[in-house]
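See structure below.
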Amino acid sequence: MAAVKRTIYRALYGSRYDRVPWGQRIYVRPGERLAREVQWRLRLRRAELLTLAEYRERTDLGEIEEFVVCHLCGDSRQQPLFRPTGPKGRWSYQVVRCPGCGFLYRNPNIRPERLGDLYANGYSAFLTGKYAADRRRRYRLTMDSFHPVFAQGGGRRLLDFGCGAGLFLELAEQRGFDAAGVDLSPDSVAEANRRLARARAYHGTPEDVPEIAVGGFDVITLWSVLAHLPRPLDDFRRFRSLLAPGGVLMILTVNAASLQLKAHGSAWNGFTKNHLMFYSAETMPTLLRRTGFAGVAFTPFYGDTVEAGTTKLAEPLQRRLRRKVEASDGGNMLRALAFADDEAIDRWGGGLKVRRLPKYEG
Ligand SMILES: [Zn+2]
């Protein structure tokens, strides 16, 4: 099968795109987007649709796991789509799609009280090791994409939820934010506080820390945290209540509408060991609307090297990639700015395509 595919690609494209990395190739090869969308439709059409009872019957449940229904719309029907598996089969889980709203989530899910089991020792080393430079770059590029919010802190209060070893808090304090963070890993928090000058990191949840529980934050940031949250509605209600009038919530997470997911299926790089839920620009507004946010804006993600200007991709192909990302999936990462209220939209929505969210009655 792989050999047949290679022959087809060779006939279609010659060797023109051989040196373009996979993540970019999908946006620059003519016809690729259409092919992936067709592939996706076929996959959805072929996928079984099961009741929760049927699904439970045929699915193994691990010791720290529980069966769940769609977190966003409550639909209990299950469309099993993917089974991501780690190197040498060290971990594996099932991803289902909600036929009601299209949300992708891990089912069985991890029981919230056992979440700590996923974060073995060495997680803080992972957060500060050789990936630190890449992470700092991604923070800067994402802040730039929501420019006025992050340009100058001016003493505004910022909460970084899931702050890890404090790499982002460090940038936030340099830009003049009055910054604080929380994280569930005590090692990471200790490391963060060694790094920081004025900002503080705290161990625990926001309710555990009086300085944070009082709320009144102008900005809350979720850097690659959302996909890890087993009870997103509860968490987002809390974020909404911690925001001051005019406040915003910034979210970076993997994009479940990505063409790369449609192309690579279970092997997609967004299906990492500890990810539980996978949002898109279609499904995230439901979460925000249900938890009291007034609007949301997404900015396209072109890839770190393209945005930083270090890509080897030729200029015309870069332009093609940007056009394709804007016209199709918005990129492999999802970047969102959620507005607490109308005041926040007036203050920070300029230059962004803001989608207003109707009030949730329910
Ligand atoms: Zn749903």
Side-chain angles (χ1 to χ4, degrees), residues 37 39-59 61 65-84 93-112 115 222 225-240 249 251-262 265-266 268 270-272 274-296 298 329-330 332-336 338 355-362:
E37 292 294 352
Q39 187 182 0
W40 177 246
R41 294 280 150 75
L42 287 176
R43 189 192 277 272
L44 293 189
R45 191 177 302 169
R46 276 198 308 257
E48 287 180 292
L49 188 56
L50 305 172
T51 66
L52 185 60
E54 289 165 340
Y55 183 68
R56 291 173 79 117
E57 196 146 298
R58 66 163 79 168
T59 307
L61 188 66
E65 294 178 333
E66 64 180 2
F67 286 106
V68 291
V69 300
C70 177
H71 304 266
L72 298 186
C73 77
D75 198 325
S76 66
R77 294 172 301 161
Q78 307 286 315
Q79 208 173 13
L81 284 190
F82 303 111
R83 179 165 273 289
Y93 55 85
Q94 177 99 6
V95 176
V96 300
R97 177 178 180 272
C98 169
C101 71
F103 188 47
L104 289 184
Y105 59 100
R106 175 169 173 164
N107 200 13
N109 198 7
I110 305 293
R111 295 194 341 240
L115 213 57
L222 292 184
V225 167
L226 175 56
H228 300 252
L229 300 178
R231 295 282 186 270
L233 286 167
D234 295 347
D235 290 316
F236 271 56
R237 282 191 194 102
R238 191 190 304 138
F239 298 147
R240 176 65 189 84
L249 170 68
I251 303 154
L252 175 78
T253 188
V254 294
N255 181 8
S258 167
L259 284 181
Q260 294 195 46
L261 181 152
K262 291 171 179 171
S266 296
W268 178 49
F271 291 136
T272 62
N274 297 344
H275 279 175
L276 310 175
M277 296 178 204
F278 309 89
Y279 297 81
S280 69
E282 290 290 304
T283 55
M284 189 187 282
T286 307
L287 171 63
L288 294 168
R289 190 167 78 86
R290 288 193 60 180
T291 52
F293 286 85
V296 61
F298 297 98
D329 59 358
N332 200 43
M333 300 295 294
L334 190 64
R335 298 200 280 215
R355 180 165 157 195
R356 285 184 188 266
L357 303 169
K359 271 214 159 28
Y360 180 72
E361 330 273 353

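Counting convention: from 1, in listed order, for ligands and their atoms alike. Note that this is a predicted model, so its numbers are computed, not measured. FYI, the numbering just counts along the sequence from 1.
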Inset, instruction - Take the Zn ion (ligand 1) and tell me which protein N, O or S atoms are nearer than 2.8 Å. - result: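 Atoms qualifying: Cys70 SG, Cys73 SG, Cys98 SG, Cys101 SG.
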
Inset, instruction - Over 60° means perpendicular and under 30° means parallel, so classify the ring planes of Phe271 and Trp268, tilted if in between. - result: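 Because their plane-to-plane angle is over 60°, the rings of Trp268 and Phe271 count as perpendicular.
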
Legend entry - Heavy-atom neighbours of Glu282 CD exceed 12 at 6.0 Å: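 Counting neighbours around CD of Glu282, 12 or fewer heavy atoms of other residues, nucleotides or ligands fall under 6.0 Å, so no.
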
Inset, instruction - Flag yes if more than 12 heavy atoms outside Arg41 fall under 6.0 Å of its CZ atom; otherwise flag no. - result: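 Counting other residues, nucleotides and ligands, CZ of Arg41 stays at 12 neighbours or fewer.
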
Legend entry - Side-chain donor-acceptor contact under 3.5 Å, Asn255 with Ser280: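 Judged by distance alone, the side chains do not pair up.
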
Inset, instruction - First locate atom CG of Leu44, then atom CG of Leu49, and finally report the distance between them rounded to the nearest 0.5 Å. - result: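 Between atom CG of Leu44 and atom CG of Leu49 there are 11.0 Å.
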
Legend entry - Cation-pi check, Arg289 onto Tyr360 ring (under 6.0 Å, within 45° of axis):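 No, Arg289 and Tyr360 do not form such a contact.
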
